Number of protein chains: 2
Amino acid sequence: MQEDIVEGLRKLGLTEYEAKAYATLVGRGEATAREVHELSGVPRTRIYDILKDLATKGFVEYVEGSPTYYRAVEPDRVMERLRDELVASIDRSTSELLSLNLEAHGSSPVWCVRSEWGIKNRVKDFLGRVDSELIIFCRSPELLREYKAELGKVENLRIKVDKKEKFKDLGFRVLEMKAGSERFFKDAIIDGISSRIDGLMISDERSSIVIGTIGGERLAIIIKLPVIALLQKAVWEALV
Amino acid sequence: MQEDIVEGLRKLGLTEYEAKAYATLVGRGEATAREVHELSGVPRTRIYDILKDLATKGFVEYVEGSPTYYRAVEPDRVMERLRDELVASIDRSTSELLSLNLEAHGSSPVWCVRSEWGIKNRVKDFLGRVDSELIIFCRSPELLREYKAELGKVENLRIKVDKKEKFKDLGFRVLEMKAGSERFFKDAIIDGISSRIDGLMISDERSSIVIGTIGGERLAIIIKLPVIALLQKAVWEALV
DNA sequence: TGCATTGTAACTCATTTAGTTACAACAAAT
DNA sequence: ATTTGTTGTAACTAAATGAGTTACAATGCA
């Protein structure tokens, strides 16, 4: 019994028993309830309702008798249908949500993003909005590598890093910070909260984004106050 | 609060509270926890963990403060990601299942299919395997209409119906049964179980499929015994 | 200082799913 | 016909999750 397959099927809305029974049946082709029970580990007394469930969900076919025989519907067909249903559902939700979303939301100047995907999304959005100038303070080469494509499109790109050699195989022209000034980016513990900044980007002297780990949590902070961006830029000048 | 939207989002894996909070936030653009609570109906004391959940799932961004402000991530982006994830998950499951499924399953001669989709699937499969000759007994024009495309490809198609005029706008050449012989297809109650046959198809004198409602349940029975198919065909001849 | 709001933590209740027990219906074998 | 094992149904308990509530500390505001 393949644990991965069961997990995958559960993500797609089946219960553990349903997933185990279906996977087993796919492997066997055709079987009695007892066989499915023995191979899948689903309790025998439950295998009947589970298989009936699967039949009404269209995963399984059967022919009654003593014993009743069961067979899995071809997985590619089942999965194709599942995909169509889910995609349709998503499309419906998208358009419904977008119609709610018509009124532009007045955006406030500061935002935090936590989820890994949310951060990626925001950073890409941020980089996409860069008009001409982008300034980056960075200590993590991975950060630059991840957004290499987007960064390549920026006209006036200036990058300042803590240790030049960490970045040399990336193909970007980077400057090293003045000795002593890298402390602004060092791991630090403030009020018992550890913080580690991976990078800071400033776009067109208008908005900036900070990426790092604060209190053990990965985090991006978007700041759209030109004042702050200017201050940050001033720091840049100071660090040259 | 749009009930449909919440339902749609739940199907995609959100809980009721999460769905309500997210939908509300999409509608508002930007809001405090309290506002989300008031507009969504989610208990105020729960709105905080719900919104935090949504943030780690990438549906929501926020900026801490007093009060903390929340904002929905653009629905099209969120939904697109969701779709990509689900489709990837489905593709993975499909290939895993297919690799289990390699050994051909020796097929037994009779099969029952219950789910609406399962029936469609089987009938299409059945029609796709017709080599040259297909015989149909039918009392439901919908049945033929549904599979019109597949039926069009059949070389030698003979259709026998109970009442000719019901089928006249379908574009098929149909024969009417002899008076009295339509009783084989009439609604009947046998042993307290009502049965209603919509149609019977016989393919190449090899296999046949019966579609109808038995005991209040929609059902298709696939029979791959040439003997039976031949018998059924003999009935056809008798009914001409 | 008092008072409402914000935020956290813990609880209860209901629903769903996992796993068990008891037993009737049936088939085969002595 | 009686025993024995299998098939199938029904109902139960236990665990997990989500919905809804209560209590209270921290914060901000008059």
Side-chain angles (χ1 to χ4, degrees), chain A residues 1 3 6-25 30-57 59-60 62-71 108 112 114 191-193 215-217, chain B residues 1 3 6-7 9-25 30-57 59-60 62-71 108 112 114 191-193 215 217:
Chain A
M1 179 76 317
E3 201 50 50
V6 173
E7 258 320 295
L9 290 173
R10 295 194 65 172
K11 272 205 199 107
L12 302 177
L14 298 199
T15 68
E16 183 183 332
Y17 284 172
E18 287 171 340
K20 283 181 175 172
Y22 180 64
T24 309
L25 214 41
E30 199 169 289
T32 65
R34 167 165 292 273
E35 287 178 292
V36 177
H37 142 65
E38 278 167 355
L39 293 168
S40 67
V42 175
R44 193 191 63 83
T45 51
R46 297 296 311 287
I47 201 70
Y48 301 100
D49 29 321
I50 301 298
L51 287 169
K52 212 163 278 174
D53 261 24
L54 285 171
T56 61
K57 284 187 184 176
F59 284 69
V60 152
Y62 64 96
V63 52
E64 272 163 343
S66 203
T68 295
Y69 270 78
Y70 297 85
R71 151 201 294 181
S108 100
C112 290
R114 313 251 149 174
D191 298 335
I193 295 169
E217 208 175 12
Chain B
M1 180 77 315
E3 202 50 50
V6 172
E7 259 320 294
L9 290 173
R10 294 194 66 172
K11 273 205 198 105
L12 302 177
L14 297 200
T15 68
E16 183 183 333
Y17 284 172
E18 288 171 339
K20 283 182 175 172
Y22 180 64
T24 307
L25 215 40
E30 198 169 292
T32 65
R34 169 165 289 273
E35 286 178 293
V36 177
H37 143 65
E38 279 168 354
L39 292 167
S40 67
V42 175
R44 192 190 64 82
T45 51
R46 296 298 310 287
I47 202 70
Y48 300 100
D49 27 323
I50 301 299
L51 287 170
K52 213 162 279 177
D53 261 24
L54 286 171
T56 61
K57 284 188 182 173
F59 284 68
V60 153
Y62 65 96
V63 52
E64 272 164 342
S66 204
T68 294
Y69 270 78
Y70 298 85
R71 152 202 292 181
S108 98
C112 291
R114 313 251 150 174
D191 299 334
I193 294 169
E217 207 174 12

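Remember, it's a predicted structure, so these values are computed and weren't measured experimentally. The figures that follow rest on heavy atoms only: side chains count, while hydrogens, waters and symmetry mates do not. In the text below, chain A, chain B and the rest are named by the order of the sequence lines, each starting its count at 1.
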Touch class at under 4.0 angstrom, heavy-atom based, for A:T32 against every strand present: nothing

Look at A:E7 together with A:K11 and state whether they make a salt bridge at an N to O cut-off of under 4.0 Å. no

A:I47 CD1 to C:dT17 C1', straight-line distance once rounded to whole Å: 15 Å

Just how far, in rounded Å, is P of C:dT16 from OH of A:Y17? 17 Å

Could you check how far NE2 of A:H37 sits from P of D:dT7, rounded to whole Å? 10 Å

Side chain to side chain, B:P43 and B:Y17, heavy atoms closer than 4.5 Å: yes

Check whether any side-chain nitrogen or oxygen of A:K52 sits under 4.0 Å from OP1 or OP2 of D:dT9, and answer yes or no. yes

I'd like to know if B:T15 reaches the base of D:dT17 with its side chain such that a donor and an acceptor end up less than 3.5 angstrom apart. no

B:T68 side chain near B:L51 side chain, heavy-atom distance below 4.5 Å: no

Pairwise side-chain contact, A:V42 with A:T24, heavy-atom cut-off 4.5 Å (strictly under): no

Given D:dG8, C:dA18, D:dA19, the nucleotide with the shortest approach to the side chain of A:R10: C:dA18

Is a donor-acceptor contact shorter than 3.5 angstrom present between the side chain of B:T45 and the base of D:dT22? yes

B:I50 or B:R44, whichever maps to the more 5' nucleotide of DNA chain D: B:I50

Whole-Å distance between C:dG7 C1' and B:D49 CG? 10 Å

Nearest whole Å is fine: how far is C:dG7 C1' from B:D53 CG? 16 Å

B:A33 vs A:R46, nearer the 5' end of DNA chain C by closest nucleotide: B:A33

Rounded to the nearest angstrom, tell me the gap between atom OH in B:Y62 and atom C1' in C:dG7. 13 Å

Could you check if a side-chain atom of B:Y70 sits within less than 4.5 angstrom of a side-chain atom of B:T32, using non-hydrogen atoms only? no

Starting the side chain at C-beta, find the nucleotide from C:dG7, D:dA19, D:dG8 nearest to A:Y48. D:dG8

Under 4.0 angstrom between A:R34 side-chain N/O and D:dT7 OP1 or OP2: yes

I need the CG-C1' distance between A:L14 and C:dT16, as an integer number of Å. 15 Å

What integer distance in Å separates B:Y69:OH from C:dT5:C1'? 13 Å

Which of C:dT20, C:dG7, D:dA19 is nearest the side chain of B:P67? It is C:dG7

